[in-house]
Amino acid sequence: MTRIATWNVNSIKAHLASTLAWAKSEKPDVLLLQEIKCLDDGFPRLEFEDLGYNVETVGQKTYNGVAILSRHPLTVEQRSLPGAKDDEPARYIEALIEVPGEQKSSKRQVLRAASIYLPNGNPSGSEKFAYKLAWMERLIAHAKALLKEEEILVLGGDYNVCPTDADVYDPEGWRDDALCRPESRAKYRELLYLGFTDAIAARHPEPGNYTFWDYQAGAWQKNNGLRIDHLALSPQAADRLADCGIDKRPRGKEKPSDHVPVWCDLEL
DNA sequence: ATGCCCGATAAAATCGGA
């Protein structure tokens, strides 16, 4: 079994202890991180290597930044989403991971995984919103090309999209937010309709499975959450989906990230 | 009601987040 998790950690330095503790207890084989908020040199690499992870980062000072941590050998395939300009923010990293067979006799398998930090896009109708939609267009184009490889592929990350009203605590109040706008949702559906499975939507379709709660106004205590962190599985990955979930526990601890980990177990 | 909180930067406000 191979466990893959995604987590927007909202600064790896500020939330290092809780991220290490979660990795140690839940033992994901692959951990996709977003908003590491540091340069490559600033990433606490040794601490994760001590837990048995290989570390690849696309860092940036102050904002953004993504990483792939893997217990198995990995090769970075992309450090930005194809079509990037030179000053592209650090929002995408993709790697090939060699997963050893479960038995000695079984063949090793290749997993492709990407850590995605999709632009927020607020306020709606702004240049930032147009950038978000253009970024999603590029993601769709790249995902379409990747699907042709027929690989076990997981596109995980903070998508900054609430797919449906069931994924928002107050759909009416969030109607005009960039995370809930019909344009954002349409692009997310367009991605899925290429042939991807939203793991949580497929296996836990009940409403209110949130992955983010704002720090403000007691959002966590009131369960005013959003589901915006997703694991999109290629058909070859979805066929192997054994289980998946959202681990809300870290949000209730001291000084948490405002997002929680989303994980899936694949039979490989 | 776009402020409440939080992190980074840098040295006190400001930006960005969602």
Side-chain angles (χ1 to χ4, degrees), chain A residues 6-20 22 32-44 57-67 87-92 115-133 135-136 139 156-185 187-188 200 207-230 246 248 250-262:
Chain A
T6 179
W7 196 358
N8 179 325
V9 291
N10 186 21
S11 167
I12 191 61
K13 287 178 184 170
H15 301 120
L16 178 60
S18 54
T19 307
L20 287 169
W22 192 84
L32 310 170
L33 301 178
Q34 301 87 38
E35 283 207 271
I36 60 174
K37 291 188 175 178
C38 63
L39 294 166
D40 293 332
D41 286 346
F43 191 90
T57 61
V58 173
Q60 183 183 329
K61 193 178 176 179
T62 311
Y63 302 120
N64 311 312
V66 287
D87 57 346
E88 183 88 346
R91 293 179 175 277
Y92 189 88
S115 178
I116 292 170
Y117 180 43
L118 214 144
N120 173 305
N122 272 306
S124 292
S126 67
E127 273 185 27
K128 287 182 175 181
F129 189 59
Y131 179 73
K132 174 183 195 156
L133 297 179
W135 205 94
M136 293 184 84
L139 178 61
D158 176 358
Y159 279 72
N160 270 316
V161 176
C162 281
T164 72
D165 279 355
D167 301 307
V168 199
Y169 69 96
D170 175 14
E172 205 50 53
W174 282 74
R175 192 159 299 282
D176 291 326
D177 191 277
L179 280 62
C180 298
R181 286 289 304 167
E183 298 92 326
S184 309
R185 288 177 170 174
K187 286 269 184 276
Y188 184 70
I200 298 296
N209 284 326
Y210 306 137
T211 66
F212 164 89
W213 296 260
D214 200 292
Y215 289 121
Q216 300 183 69
W220 167 248
Q221 288 75 13
K222 292 186 258 186
N223 195 29
N224 288 346
L226 311 169
R227 188 173 77 91
I228 52 176
D229 300 272
H230 308 302
I246 300 165
K248 297 184 177 185
R251 188 65 180 81
K253 300 194 170 161
E254 286 283 300
K255 275 191 53 103
S257 167
D258 39 7
H259 297 250
V260 295
V262 182

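Chain identifiers are assigned alphabetically (A, B, ...) following the order of the sequence lines, protein sequences preceding nucleic acid strands; residue numbering begins at 1 within each chain. It should be emphasised that the depicted structure is a prediction, and the values quoted were computed from it without experimental measurement.
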Taking the inter-plane angle between the rings of A:Tyr169 and A:Trp174 on a 0 to 90° scale, is it parallel (under 30°), tilted (30 to 60°) or perpendicular (over 60°)?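 Perpendicular.
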Once the angle between the rings of A:His230 and A:Tyr159 is folded into 0 to 90°, is it parallel (under 30°), tilted (30 to 60°) or perpendicular (over 60°)?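 Rings of A:His230 and A:Tyr159: tilted, as their planes differ by 30° to 60°.
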Between the side chain of A:Arg251 and the main-chain N/O of A:Pro256, is any donor-acceptor distance below 3.5 Å?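 No, A:Arg251 side chain to A:Pro256 backbone: no donor-acceptor pair under 3.5 Å.
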Taking atom [atom2] of [N] as reference, at what distance in whole Å does atom [atom1] of [X] sit?
X        : N      : atom1 : atom2 : result
A:Arg251 : B:dC5  : CZ    : P     : 13 Å
A:Lys13  : B:dA10 : NZ    : P     : 12 Å
A:Asp170 : B:dA1  : CG    : C1'   : 14 Å
A:Trp220 : B:dC6  : CH2   : P     : 15 Å
A:Asn224 : B:dC4  : CG    : P     : 18 Å
A:Leu39  : B:dA8  : CG    : C1'   : 12 Å

On a whole-Å scale, what distance lies between the [atom1] atoms belonging to [N] and [M]?
N      : M      : atom1 : answer
B:dA13 : B:dC4  : P     : 15 Å
B:dA1  : B:dA10 : C1'   : 30 Å
B:dG17 : B:dA12 : P     : 26 Å
B:dG7  : B:dA18 : C1'   : 14 Å

Positive for side-chain hydrogen bond (donor to acceptor under 3.5 Å, both in side chains) with A:Asp229, one of A:Asn160, A:Thr6, A:Thr211: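 For A:Asp229, the side-chain hydrogen bond (donor to acceptor under 3.5 Å, both in side chains) check succeeds only for A:Thr211.
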Can you build the contact string for nucleotides 12-18 of chain B? Use B for base contact, S for sugar-phosphate-only contact, and - for no protein heavy atom under 4.0 Å. ---BSSB
Going through the distances and angles, do A:Tyr210 and A:Asn224 end up as a side-chain contact (heavy atoms from CB on, under 4.5 Å)? CA-CA 9 Å; A:Tyr210 306 137; A:Asn224 288 346; over 6 Å; no
Any base atoms under 4.0 Å from A:Ala217, or only sugar-phosphate, or nothing? Heavy atoms, all strands.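 The answer is base, as A:Ala217 lies within the cut-off (heavy atoms under 4.0 Å) of a base atom.
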Within less than 4.0 Å of OP1 or OP2 of B:dG7, is there a side-chain N or O belonging to A:Lys255?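 Result: yes.
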Holding to ring pair (Phe, Tyr, Trp, His ring centres under 6.0 Å), I want the full list of residues that pass it with A:Tyr117, two or more places apart in sequence or in another chain.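 Result, ring pair (Phe, Tyr, Trp, His ring centres under 6.0 Å) vs A:Tyr117: none returned.
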Would you say that A:Phe129 contacts A:Ser184 through its side chain, given a criterion of any heavy-atom pair below 4.5 Å between the two side chains?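 Yes; the side chains approach each other to less than 4.5 Å.
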